[in-house]
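Working notes, beginning with the structure itself.
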Amino acid sequence: MVDSKQRRLHRNLEDPGEGQGSGAHMISTARVPADKPVRIAFSLDNASDDTPPEDSIPLVFPELDQQLQPLPPCHDSVESMQVFKQHCQIAEEYNEVKKEIALLEERKKELIAKLDQAEKEKVDAAQLAREFEELMEENRTLKLAQSQCVEQLEKLRIQYQKRQGSS
């Protein structure tokens with residue numbers, strides 16, 4: 001009976017092969033006799049050394065500021081391990097949000113550049129429309145002047161022919 005309890009306990013404690021690659025880790029809630037020492041380890045990667053030196057604070061998330069780094073948990077406290085795990089999840093979410101903000105800022109710059117280009121094209125189009133209207137007016141004026149010149153030329157031919165015929 002003791003042997004089966006030990007196997008069950010051993011099975012309930014973290015299995016290093018379980019959840020590899022998925023980032024999933026399970027903290028056991030198995031009851032352990034008070035006289036038996038229990039070691040609980042949590043790691044975000046599948047490194048074999050789960051015990052960081054107590055005097056140094058490892059950078060779990062090197063891209064985070066030092067004050068935002070999750071503090072190493074007290075390995076003797078399940079609550080400390082849970083807080084550490086939650087802090088790591090929050091840090092991961094924070095990193096994701098930071099990345100998303102950076103992507104959105106880049107997209108914003110692209111859209112502002114497109115908007116500036118569109119406004120420039122709009123100004124260019126408005127200028128071209130004004131030039132077109134001016135040219136149309138000049139064309140109308142020139143056509144009117146041409147028709148007046150044609151009429152005047154016709155009158156001068158008629159007068160010239162009359163003078164030729166009377167002489």
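Between the CG atom in Leu68 and the NE2 atom in His87 there is a gap of 6.5 Å [rounded to 0.5 Å]. The structure places CZ of Phe132 at 9.0 Å from CG of Asn139, a figure rounded to the nearest 0.5 Å. The distance from atom NZ of Lys108 to atom CG of Leu104, rounded to the nearest 0.5 Å, is 10.5 Å. Note that CG of Asn95 and CD1 of Ile90 are 12.5 Å apart. Values are rounded to the nearest 0.5 Å. Distance check: Asp124 CG to Glu121 CD gives 7.5 Å after rounding to the nearest 0.5 Å. Here CD of Glu106 is found 10.5 Å from CG of Leu111. Values are rounded to the nearest 0.5 Å.
Salt-bridge formation is detected for the pair Glu137/Arg140: a Lys NZ or Arg NE/NH1/NH2 atom is positioned less than 4.0 Å from an Asp or Glu carboxylate oxygen. Taking the charged nitrogens against the carboxylate oxygens, Glu110 and Arg107 do have a contact shorter than 4.0 Å, which makes a salt bridge.
With sequence neighbours excluded, no residue forms a side chain to side chain donor-acceptor pair (under 3.5 Å) with Glu100.
Using a 4.5 Å heavy-atom cutoff, the side chains of Val78 and Met81 are not in contact. Looking at heavy atoms from C-beta onward, Ser80 lies out of side-chain contact with Phe84 at the 4.5 angstrom threshold.
Checked by atom type, the side-chain pair Gln89/Glu93 shows no donor-acceptor distance below 3.5 Å.
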Residue pair Arg130, Gln127: steps toward the side chain to side chain contact (heavy atoms under 4.5 Å, CB included) verdict: CA-CA 5 Å; Arg130 278 193 303 277; Gln127 184 178 355; 3.7 Å; yes
Intermediate values then yes/no, side chain to side chain contact (heavy atoms under 4.5 Å, CB included), Lys109 and Ile112: CA-CA 5 Å; Lys109 287 178 187 176; Ile112 287 173; 5.8 Å; no
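Around the CD atom of Glu119, the shell of radius 6.0 Å holds more than 12 heavy atoms that belong to other residues, nucleotides or ligands. For Gln117, the CD atom counts as densely surrounded, since its 6.0 Å shell holds more than 12 non-hydrogen atoms of other residues, nucleotides or ligands.
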